[in-house]
Each structure stands twice: as C-alpha cells, then as structure tokens.
Protein chains: 2
Amino acid sequence: MTERVAASSGRSGRRKRPTMLDVAREAGVALRTVSRVVNEDPTVGAHLASRVQAAITALGYAPDERAQQLRRGTSGTVGAAVRNLADAHPVLSAVDHAAREAGLAVLAMSTEDDEHREREAVMSMCRRRVDGIVIEPIGTSHDYLSGELAAGLPLVAVDRPTGGVEADAVLSDNAAGIGMAYRQLALHGHRRIGYIGDDERIFTGRERAAAFRACVAASGGPLDGMTHPGVFSPARISAALTAVLTGPAPATALITGNVETTIEVLRHLGADAGRVALVGFDDFPLADILRPGLTVVAQNSAVIGRTAIDLLVARSADPARPVQTVTVPVELIPRGSGELPPPD
Amino acid sequence: MTERVAASSGRSGRRKRPTMLDVAREAGVALRTVSRVVNEDPTVGAHLASRVQAAITALGYAPDERAQQLRRGTSGTVGAAVRNLADAHPVLSAVDHAAREAGLAVLAMSTEDDEHREREAVMSMCRRRVDGIVIEPIGTSHDYLSGELAAGLPLVAVDRPTGGVEADAVLSDNAAGIGMAYRQLALHGHRRIGYIGDDERIFTGRERAAAFRACVAASGGPLDGMTHPGVFSPARISAALTAVLTGPAPATALITGNVETTIEVLRHLGADAGRVALVGFDDFPLADILRPGLTVVAQNSAVIGRTAIDLLVARSADPARPVQTVTVPVELIPRGSGELPPPD
DNA sequence: ATGAAAGCGCTAACAT
DNA sequence: ATGTTAGCGCTTTCAT
C-alpha cells in the first residue's frame, strides 16, 4: 500500500465523560431535578431549569442511552436484518423512514446472504433488547427464535416468510409479477419465452418459477428447455442462457427471476442485448439508462417497508393479535427491452 | 392500497424475559457463577458449568448487552454515519468487515445528505456511547463534537475532512484521479476536454475542479467554457452538458466529478453516449454493462474502510497520538467510454 | 416544586 | 472453585 500520510499535532488525553450526577453538582441541585430537565418534565421551576441547562451545556453532557433503556425497560429501537447494506436497498430505506416516524431508531445489520450470519445478527439484536425485528430471511429455519417470540418479540419477515415459526410477513405478489411479465412479452408477439431464476429451495425462486410454468401452461406455449431455475453462479447463468437461446427452437424472449440474474444476463448478452426481449423481476437503479432501457417488474419497496413497521407496531401493542401475511402489489415498468419484437 | 391480507391464529402473551438471576436460581448456583459461564471463565467446575448451560438453554436466556456495556464501561461498537444506506456503499461494507475483525459491532446510520440529520445521527451514537465514529461528513462544521473529542471519542472522517475540529481522515487522491482521467483522454487524441462536477463548497468538488484546471493549464488546452462546477440538479447538469457540447468549439470529451453527475450525464446523452468520450469519477456497479462500458476513476473503498477502522483502533489505544490524514490512491479503469476517439 | 433512595441486569473487587 | 456485595448511569416510586 502506498498511502500518503500527513500528521499533525496531538489531542488532549481522555477526560471522564460527565454523568447526570456531575451535572447535578455543577448546577447545585439534586439528581432527580436534572433527570426532570433532561426528560422535559414541566414541573421544574424556570430558574432551576435554566441553571441545569447551563450546567448541561457547560459540561457537554449527553445522557447515556443504555442506562435509560435499562431502567425504562424499553429500547426504542427496531432491528433490521437485511441481506446487504452495501447493495441498493430501498426496503431498508423505507423501514428507516417509517420507524423514525414511529419514534423508533433502526439498528441495521447485514446478513450477507449467510444463514449463520443471519442468526448471529438477529441474536445480537435480541441481546440489545430491540423492541422488534424486521428480517429479510435467508435461513430456512428460524426456530432458534421461538423462545423470543414466545417472550413477545415482534418479528416481521419481508420478501420471504420465516421458516419453522409463525411470524408476520410482507411479501410481494410474485405470481402476479411473473404474469405481467409474461403477458407483456406475449403481447409483443413472443411465443417462445424463457425463464432463468433462483433456486426453488428459496421461497421467491419457487413462487416465481411456479408462476412461470402456470403462465406457459395457460397460454399453450412450449415449456421444454424454457425453464431454468436453480441458477445462481455467473457460470451457470451463462450456461442456462446459452441453452435457452440456442438449438432448433430458441427462445426469443426472456424473464429473469431476480436482479443478480438480470445483471449477469445483461453482462453476457453484451452487444446482443437489443436482440432478445427481456423483462427482469425487481427494479434497480440505472435500469433506465441501459440501452434499450430495461423493462422490469418492480416491487413496491416503500409500501413493503411501511407495512413492516406497521405490523411491528401493531404486534407491540397487542402481542396476542393474529399473525398476518400482507401481499403487496407489484408493477410492470416498460422501458424498451420487454417491448422488443421477436426476430421475424 | 390493495394489499391482500391473510390472517391466522394468534400467539401467546408476553412472558417476562429471563435474567441472569433466573438462570442462577434454575441452576441452583450463585449469580456470579452464571456470569462466569456466560463470559467463558475457565475457573468454573465442569459439573456446575454444564448445569448452568442447561439452565440457560432451558430458559432461552440471552444476556442483556446494555447492562453488560454499562457495567464494563465499553460498548464494543463503532458508529458509521454515512450518506446513504440504500445506495451502493462499498466503504460501509469495508468498515463493517474490518470492524468485525477487530471485534467491534457496527451501528450504521444514514445522514441522507442532510447536515441536521448528520448531527442527529452522530449525537445518537454518542448517547449510545459508541467506542468511536466513522463519518462521511456532510456538514461543514462539526464543532458540536469538540466536547466529545476532548473526552477522547475516536472520530475518523472518510471521503471528506471534518470542519472546525481536528480529526483523523481517510481521503482519496482526488488530484491524481483527475490527472489520470485527463491524461487518458488526452492520450486518445482529445484536446477540448470538459468537466462537470460538484459544488466547490464541497471538499471533493473543490479538489477535483482545482485539479482539472491545473491539468488544462499544464497541457495548454482551452479552459474557456470547459469547467462547470457547482452543478447538482438534473436541470443544471443538462444545461451544463448542452453548454459544453455545443457552440463553435465544443468539447469532444468529458470528465464528470461524481457518480450522480456521471449518471445524469449518461441519462441525457442517451443514444449519443457513444459519441462523446467520458471518464467518471467514482466507480459504481453496472458501469461495466453499459455500452460503451464506462471508464472510471475508482476509489479504493476496501482500503478506505480498513484504514478508517485502523485509525479508530489506534486512537482508542492512544488518545494523545497525532492526528493523521491518510490519502488513498485511486485507479483508472478503462472500459471503453474513455478510449473513444474524437469525431472526424 | 424538589429531593432521597431503590433498583434495572449485569460485572468485578473482594472474600471464602 | 464458588459466593457476597458494590456499583455502572439512569428513572421512578415515594416522601417532603
């Protein structure tokens, strides 16, 4: 590594952080009075209040939230265990906003698509006594949470349901989305439509592949060689793409079951991107600056995030309420790639 | 909203969460012994240890981290105040990994490019008594942190320096990056090179615009009408683009000063993307699937994140050490758009 | 309107 | 090797 380093003068040593008691002494009042001022209790005399405020700013005092939470018995925080913080993540964004409106802080942790990490993240949230958890499940079994659930932990799954335990969930309407994609391609003259998507051991992979097969059956199109689920590595996507686009009766249009597949397909298509019609499941930033623009089935992340927090808050208020699964509509966004005609 | 809702049977009411004392009673040992087992103290007899473990799993006990932190006086957590959680954020990812390796959890909060929100997020982290903060500064003044800094809070700025207070920083080599971009375009025959970038009130905008002017001066190219800093809205980017690409002596190549500008320029260029050479500052996912592929100056996010955590840990260990600014090299990634020849 | 004291769940001296 | 006890910094009865 060849970083350049510039150094400068040091910084004074560590001073002890002021506590509420320090403030009380500085202001010459009782501890309780400082607590009252900090919590904006109106029953403090104006004179004392201002003296306490002065002491607070003089000392640079900020209350220790851990101690507050410990004493209050609530954390005012919801955990969000999502697959990735680094990728585009509109659901997390929506959760963040909705939680803030509900007066809750968000503790976001990434699961990195790893079952073990997911469990680690969720347990860490439990140890921090979050008031609820929004999870984008990776693992297939979440019964390590059954104790917490019995203890009243509000848990809401987004995108996929939890496994092994009953929990509220917010899902996209996968079947309807695949239907929209298929109809759009059929509408533009395609008869041989292919599908490349996720492993069917994954919930969304299963739902979307099943919906695709149903569409083909309903429209009387050919299924043979057109369905390629269980595809996740770039190499296998490349192979599936070759298989579906070559041979005696190649597909003229393609539906991709998730963003990763969509992007990998675009990467392999390269210059040929304009020669095969394509609809991707799930929108992503920049899909509109591709040429041709990418037609997608977009999930409504804003509504998903909002709903997740709503369910969380509702269960907090009433732990005994019935478990709910909310299905959120999806939307087809035509941008060109899905409207390409078949080669004549 | 037309969500479909499916309801199911309820869930048992809230049971009290077990404490360490409950475990001690269940196992018939003293509180201290449970604490020893939880903290893997080897001085516990094998017999008692297993009895305690059994009680822990039977009760589904998980220690309250807030109480641990309160008592230990350390939180084992670093805060990361970044501009956006929802956007691609490789630095956050790198911080996450490096922190984990150092045995630290990460509390990530987004500042949403808002000075007020930034302050809110940072203060919230302070109230949670994080052991240090990595910040991607938005605000121009951070002297509200001077008290915390004096109290020994390790603070590391990434991408831009903090304002008004001395803190460690990890910056990209903006000047070198602009130099690489300029030379690449010059090498491919361009004489009239334009620049569209951030406001010069922003640190990176200032550094990059200055470096661009220096490049033009050094190479004897024309500066007139070629420099467009202070551009941030889509409308203004569009205007700047028109200005730089039209007139009697239009630019044949362009350098864009940040991702937002790059993407907006691509959006406006549309079908003409292949007719003007372009180098963008900062890489982004999918830049390689554009046609032509986008040539970029890439920041080394992995090194930036790592270095930030290294500086944080170093200052934790020695609060009096000199303040450091580390400059991380950038890299030119040629993908086609920067290698286009000038027309004719 | 203000204060004294108990205790949230845990760790760490200090016994034994 | 195991138990007793005093707090960490705060909120909250309960007095005054």
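By convention in this document, chain letters (A, B, ...) are assigned in the order of the sequence lines, proteins followed by strands, and residues within each chain are numbered from 1. Predicted model, so just to flag it, every value in this text is computed and none were measured.
Side-chain N/O atoms of A/Asp131 and A/Thr74 include a donor and acceptor closer than 3.5 Å. Using modelled atom types, one finds no donor on one side chain facing an acceptor on the other under 3.5 Å when comparing A/Arg51 with A/Thr33.
Between B/Lys16 and B/Asp22 there is a salt bridge, with a side-chain nitrogen of the basic residue lying less than 4.0 Å from a carboxylate oxygen of the acidic one. With respect to B/Arg17 and A/Glu148, a salt bridge is recorded, a charged nitrogen being found less than 4.0 Å from a carboxylate O.
Evaluation of atom-type donor-acceptor distances gives no pair under 3.5 Å for the side chain of B/Arg129 against the base of D/dG9. No donor-acceptor contact under 3.5 Å links the side chain of A/Arg71 to the base of D/dT12. You'll find a donor-acceptor pair under 3.5 Å spanning the side chain of B/Arg32 and the base of C/dA12, going by distance alone.
Note: NE2 (A/His47) to C1' (C/dT2) measures 14 Å, nearest angstrom. We find that CZ of B/Arg72 is positioned 16 Å from P of D/dG9, with the value rounded to whole Å. Per the geometry, NZ belonging to B/Lys16 stands 9 Å off P belonging to C/dC8, to the nearest Å. In this structure, B/Arg36 atom CZ and C/dC10 atom C1' are separated by 14 Å, rounded to whole Å. Taking atom CG on A/Leu21 and atom P on C/dG3, their separation rounds to 13 Å, with Å as the unit. Atom CZ in A/Arg128 sits about 18 Å away from atom P in C/dG9, given to the nearest Å. Remark: C1' of D/dC10 and CG of B/Asp64 are 14 Å apart, rounded to the nearest angstrom. Atom C1' of nucleotide C/dC10 and atom CG of B/Asn39 are separated by 9 Å, given to the nearest angstrom.
If you check every strand for non-hydrogen atoms under 4.0 Å, A/Gly45 touches sugar and phosphate atoms only. Residue B/Val38 is classed as having no contact, given no heavy-atom separation below 4.0 Å to the nucleic acid.
Of the side-chain N and O atoms in A/Ser35, one or more sit less than 4.0 angstrom from OP1 or OP2 of D/dT11. Between B/Thr33 and D/dG3 there is a side-chain polar atom (N or O) within less than 4.0 angstrom of OP1 or OP2. Between B/Gln68 and C/dC10, a side-chain N or O to OP1/OP2 separation shorter than 4.0 Å is absent.
Mapping A/Tyr61 and B/Ala49 onto DNA chain D via the closest heavy atom, the residue that lands nearer the 5' end is B/Ala49.
Here the nucleotide nearest the side chain of A/Thr43, chosen from C/dA1, C/dG9, D/dG3, is C/dA1. Distance from the side chain of B/Ala30 is smallest for D/dG3 among the nucleotides D/dG3, D/dG9, D/dT2.
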TODO: For A/Asp159 and A/Val91, run side chain to side chain contact (heavy atoms under 4.5 Å, CB included): C-alpha distance rounded to whole Å, both residues' side-chain angles, the deciding distance at 0.1 Å, then the answer.
DONE: CA-CA 10 Å; A/Asp159 193 48; A/Val91 171; over 6 Å; no

